[in-house]
Amino acid sequence: MYAKLPAFSDRADAGRRLGEALADRVDGDIVVYAIPRGGVPVGLEVARALEAPLDLALARKIGAPDNPEVALAAVIAGSHPRTVINEDIVRLTGVSPAWLDQERLSALAELERRRRLYFEGRGRVDPEGHVAVLVDDGLATGATARAAVAGLRAQGARRIVLAVPVAPRALADAFRDQVDDFVCLVEPEPFRSVGEAYRDFHQVDDAEVIACLTETR
């Protein structure tokens, strides 16, 4: 759709609207998995709307050396770590396998840091047998979401619903064939960035993530 941007005042606004869109589309044993850090304030509102627990899909993108916003790959941590590589972008940038492997290890180390920080003294919800609603604040290349989807599948999620406020149309169409259900509120043409869909698109920090997790408990 051609969207008038910005479409959302902030991530909480986007999450509330996303929760409304999901209310009649998901049921059963639902767990909301947000991709940190930007997806967590969105996921909090979705979890509230669905009256479901909020957990995290600890995924992280690997950005191009000269443009960190362009995702070469993404990794997800956990008992079944996964790496998803955007082969076309890797070829265009010419990065070496050794560089990519080093960045993968750095990303996994950062995800482990976040796991310890975010979940110290807190329980996790195993995706096995659950309807996993995977939430982010938007998709640009989709690498991080693909890694998160792969991780949830490996952990035995019964059904995966990917829900985002904004994504480019071609990417949204591709994801509709990769998950059990896909919900996207706006698919702007032309698409320039996720942040363009928000009036307030501040950098989410660790403290905000922890506050969101605390609110759901």
Aromatic [Y] / basic [X] pairing, under 6.0 angstrom, 45° off normal:
X: Arg11; Y: Phe201; result: yes
X: Arg37; Y: Tyr118; result: no
X: Arg124; Y: Phe119; result: yes

Answer yes or no: is there an ion pair linking [X] with [Y], defined by an N-O contact shorter than 4.0 Å?
X: Arg17; Y: Asp13; answer: yes
X: Arg176; Y: Glu187; answer: yes
X: Arg114; Y: Glu110; answer: yes
X: Glu112; Y: Arg116; answer: yes
X: Arg159; Y: Asp27; answer: no

Work out which heavy atom in [X] is nearest to a heavy atom in [Y]; give both atom names and the distance.
X: Ala14; Y: Pro165; result: CB-CG, 3.6 Å
X: Ala73; Y: Ile85; result: CB-CA, 3.9 Å
X: Leu50; Y: Ala23; result: CD2-CA, 4.0 Å
X: Ala157; Y: Ala132; result: CB-CB, 4.1 Å
X: Ala21; Y: Val183; result: CB-CG1, 4.1 Å
X: Ala71; Y: Ile89; result: O-CD1, 3.5 Å

Mind checking side chain to side chain donor-acceptor pair (under 3.5 Å) for Asp29 and listing every partner two or more places apart, or none if nothing turns up? none
With a 4.5 Å heavy-atom cut-off, do [X] and [Y] have their side chains touching?
X: Cys184; Y: Leu162; result: no
X: Val166; Y: Leu139; result: no
X: Val131; Y: Val31; result: no
X: Val135; Y: Val164; result: no
X: Glu196; Y: Pro6; result: no
X: Val179; Y: Val149; result: yes
X: Val40; Y: Val204; result: no
X: Asp206; Y: Arg113; result: yes

Parallel, tilted or perpendicular: which fits the ring planes of Phe182 and Phe175, with parallel below 30° and perpendicular above 60°?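 Rings of Phe182 and Phe175: parallel, under 30°.
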Does the side chain of Thr216 pick up a donor-acceptor pair with the side chain of Arg48 at under 3.5 Å?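 No, Arg48 and Thr216 have no side-chain donor paired with an acceptor closer than 3.5 Å.
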Hey, is the main chain of [Y] close enough, under 3.5 Å, to the side chain of [X] for a donor-acceptor pair?
X: His130; Y: Glu128; answer: yes
X: Arg82; Y: Ala59; answer: no
X: Asp180; Y: Ile160; answer: yes

Same cluster for Val42 and Leu58 if Ile/Leu/Val/Met/Phe/Trp/Tyr side chains link at under 4.5 Å?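 As far as the 4.5 Å side-chain criterion goes, Leu58 and Val42 are connected within one cluster.
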Would you compute the distance between atom CD1 of Ile76 and atom CG of Leu111 and round it to the nearest 0.5 angstrom? 8.5 Å
Can you list the steps and then say if Leu56 with Ile35 is a side-chain contact (heavy atoms from CB on, under 4.5 Å)? CA-CA 6 Å; Leu56 303 183; Ile35 297 177; over 6 Å; no
More than 12 heavy atoms of other residues, nucleotides or ligands under 6.0 Å from CG of Asp66: is that the case? no
